[in-house]
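Below you'll find the structure, written out as structure tokens, and then a few comments.
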Amino acid sequence: MDTDDIAPPPRAGDPVALLAKQDLDPLSVRELEARIAALKAEITRTRTHMSRAVSHRAVAEQLFKR
């Protein structure tokens, strides 16, 4: 079987929209606190990745004198 015949898996919807749509009513205070902690950790991880991407781009632009 040729790999060109395999369709990529469907992408999930917009993660921000999915978070905004999630019903928070059934969650306990402890679950909400855990959710907040997980979201803060994801924000930190995302900012770190973004910082690396910006640095990488700056190095590339310097290298190629863009």
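The CD atom of Glu33 sits 7.0 Å away from atom CD1 of Ile36, with the distance rounded to the nearest 0.5 Å. Once rounded to the nearest 0.5 Å, the distance linking CD of Glu61 with NE2 of His56 reads 10.5 Å. For the atom pair OG1 (Thr48) and CD1 (Ile43), the distance works out to 11.5 Å, reported to the nearest 0.5 Å.
Closest heavy-atom contact between Arg35 and Leu19: NH2-O, 3.4 Å.
Annotation: side chain of Asp14 is not in contact with side chain of Lys21 (no heavy-atom distance under 4.5 Å).
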